[in-house]
Amino acid sequence: MSIVITRFPPSPTGYLHLGGARTALFNWFYARHTKGRFVLRIEDTDAVRSTQESVDAIFEALEWLGIDWDEGPYFQSQRFHIYEEYVQKLIHTGNAYYCTCSSEKLDAMRQLAMATGGKPKYDGSCREKGLKKSCDSVVRFRAPLSGTTVIRDVVKGNIVFQNSEQDDFIIQRSDGTPTYNFVVVVDDITMGINTIIRGDDHVNNTPRQIMLYKALGASLPVFGHVPMVLGKDKTRLSKRHGATSVTAYRDMGFLPEAMINYLIRLGWSYGDQEFFTREELIEKFSLENIGKSAGVFDMDKLLSLNADHIKATPPSMLSSHLLPFLKSKGYCAEQGDYLEKVIHTLNARSKTLEEMAEAARFYYADCISYEPDAVAKFFKPEAVKPLKLLVDKIDGLPDFTIKSLENVFSSVMEITELKLGKIAQPVRLALTGKSASPGIFEIMEILGKEQVLTRLNQAINFILKLSH
RNA sequence: GUCCCCAUCGUCUAGCCCGGUCCAGGACAUCGGCCUUUCACGCCGACGACAGGGGUUCGAAUCCCCUUGGGGACGCCA
C-alpha cells in the first residue's frame, strides 16, 4: 500500500466528547506514526442539528489536543453535487432505485417486526417497480439478498454478516439530501481514505458501506473498530457521567499531553509502559496493540497521569498553561523567573493546574488569612519568642538564601531549645496561612526578605492580640 | 426481540495468536511502613483477577463448545 491516509469525521451537533477525541487521536497518531496523511471532514449533512458553534467547539478542542490536519476541513454540506452524481451512477447501474413507501408505513413495519421477533427491515416493496423520481420518493440501495459480507477488521478480526440481515437502505432522502452511510463511502473513496479507525458502534454500518464500495467498484479501505469508552456504570459515556467535553478537562486543569496519554492508553498498550509523551506516542503507536474490550473511564487514573505530566514538564513550559488559572483567581501573576520558581515548589504536589493555582495563592496574596484549625494548633503564645528571634536575625542577614536561613533557624533552635518542627509550623502558618506547604526555606527565598519579615511580624501581632 | 462485539485484580492493562518459563506481571485507587520542618514527591510492602461449566491435552489464563454477564446496532440521525 502507498501512504496511509486516515480521517476524522465529526458531526457538528455538539461538543467534542472523550470518545470522539480518542478516535481522532487514534487516527492522528497512526497517520503521524506512518508518516501518512490525516484528513478532517465535517459531517454536516443534517442541516437541522448541525451548528456553527459545534464546528468551532470541535476546532477548539482539536487545537488544544494538538491535533492538526493535512487536508480539509471538508464540509459535506458543500459536496452535495458530488453525492448527487454518485446517486445517479448507482441508479444507472441498477444498484439503486426510487421508492415511494411512506414513513408511516415503514414505522408500522418496524414496530411489527420488533414485536414478532424479527429484525426491522424494509420489505423491498418498490424494489422491482421501476419507479421514476417523484416529489416524495427516496433512493434506496439495492442490497444483495443472499451471501455474506465480511469485515476484515484489524482490531477485531473477521466479522461476518449474513446479507439476508441487511435491507435496501436509503441513500437519498425525499428532500434530495444524501444519507450518512452513503456520503461516508463517497467521501472516503473520493478523498483517498485507505484506513478507517472508528468507534465500534459503527460495526453494524460497515457491511452496508462495504456493499456500496463494491457497487461503486472501489477498493476497500482497512477497517479498525476500536472499543468504546464507558462510564463508571459501564454504559456509554454521556452527560450523565459528568464532564464529557474535552475542553471541560482543559478548564479543570488537565494538560493536553496527559489527556492524550490517558485516552490513547485506554484501549491500547505498549507492554507495561504507562507514561508517554506525544513524541513517544508518534514513535510507538500502532494498530496491533489496540485492545478488543471496552474501557471504563477512570478519573483517578487521569488525575495521576496528569500529575506525572505536570512533574515532567519543565517549569518554563508549564507556566503558560498555568497562567490562565492564576489570572482567573485574580492573582497578579506574570510569565517569568518568579513564576518558574513558584512552579518548581508546587509541581510535585499538584494533580491539576487548578490545584496548583490554588496552592500558589500565598505567593501572590497581599495579606494572609490563617486557617482556623492551624491557628488553634500553632499560634500559641509560646510561638512568639522564636518568631521574634527569627525576625531579628533575618533582619540583620546580609544575604537572604536557603543556606543562610538554615543557619538562622539552627541558632534560634539552640537559643530556644525547641525542635525545628516547633518553629517551622508557626512560620509556615505565618507565611502561607496553612499548615501544609512546600518547604519553608524555599518559600522564604522566593518570597524575599521584605515580604517574609512583613508576614512574620503580622503573625506576631496576630498572636499577641489573640492572647489578650 | 433480531444481529454484532466483548469477557484477566474495584479500574486500565501485560500474558492469549505460537498451550508448560504464570500458585498470573505492571499501573491507578486503597491500606501499612520508610524518608521528612508540614503536605506532597520518592522508595519499600500489603490487599487484590484468569466469569461459570464442559471438552481437547501429559499439561489451558492461553485452543474448542455451551451458559452467564456486559456493551453496541437495528432512522428519510450521524
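A, B, ... follow the sequence lines: proteins, then strands. Residue 1 opens every chain.
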Within less than 4.0 Å of OP1 or OP2 of B/A78, is there a side-chain N or O belonging to A/R41?
no
For B/G75 and A/R110 - does any side-chain N or O of the residue sit under 4.0 Å from the phosphate oxygens OP1/OP2?
yes
Measure the acute angle between the ring planes of A/F169 and A/F141, then classify it against the limits of 30° and 60° as parallel, tilted or perpendicular.
tilted
Does A/F223 have its ring centroid less than 6.0 Å away from the ring centroid of A/H202?
no
Quick check on the 6.0 Å ring-centre criterion: do A/F29 and A/W268 meet it?
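A/F29 vs A/W268: aromatic centres not under 6.0 Å.
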Side chain to side chain contact (heavy atoms under 4.5 Å, CB included) with A/L447: which of A/V342, A/I440, A/L431, A/L453?
A/L431
Assign a letter to each nucleotide of nucleotides 37-44 of chain B from its 5' end: B, base within under 4.0 Å of a protein heavy atom; S, sugar-phosphate only; -, no contact.
BBBBSS--
Would you indicate what [X] reaches in the nucleic acid, counting non-hydrogen atoms under 4.0 angstrom: base, sugar-phosphate, or nothing?
X     : result
A/C99 : nothing
A/R49 : base
A/T45 : sugar-phosphate

Nearest to side-chain heavy atoms of A/P120, which nucleotide of B/C76, B/C74, B/C77
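The listed nucleotide nearest to A/P120's side chain is B/C74.
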Considering only heavy side-chain atoms of A/S304, the closest of B/A29, B/G71, B/A78 is B/A29
How close do A/L255 and A/N306 get, heavy atom to heavy atom, and via which atoms?
N-OD1, 2.9 Å
Residues A/K121 and A/D168 bridged, charged N to O under 4.0 Å:
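Result for this pair is no, no salt bridge flagged.
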Using a 4.5 Å cut-off on heavy atoms from C-beta on, say whether the side chain of A/F325 contacts that of A/E358.
no
Under the side chain to side chain donor-acceptor pair (under 3.5 Å) rule, what pairs show up with a residue in residues 423-438 of chain A, not counting sequence neighbours?
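Every side chain to side chain donor-acceptor pair (under 3.5 Å) pair that includes a residue of residues 423-438 of chain A, provided the two are not neighbours, is A/Q425-A/R428, A/R428-A/S437.
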Kindly give the atom pairs (protein nitrogen or oxygen, nucleotide nitrogen or oxygen) under 3.5 Å for nucleotides 4-12 of chain B.
from, atom 1, to, atom 2, distance (Å)
B/C5, O2', A/K156, NZ, 2.8
B/U11, OP1, A/K234, NZ, 3.2
B/C12, OP1, A/V296, N, 3.0
B/C12, O2, A/K301, NZ, 3.4

Please report the distance, rounded to the nearest Å, between CD1 in A/I170 and C1' in B/A78.
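My rounded result for the distance is 15 Å.
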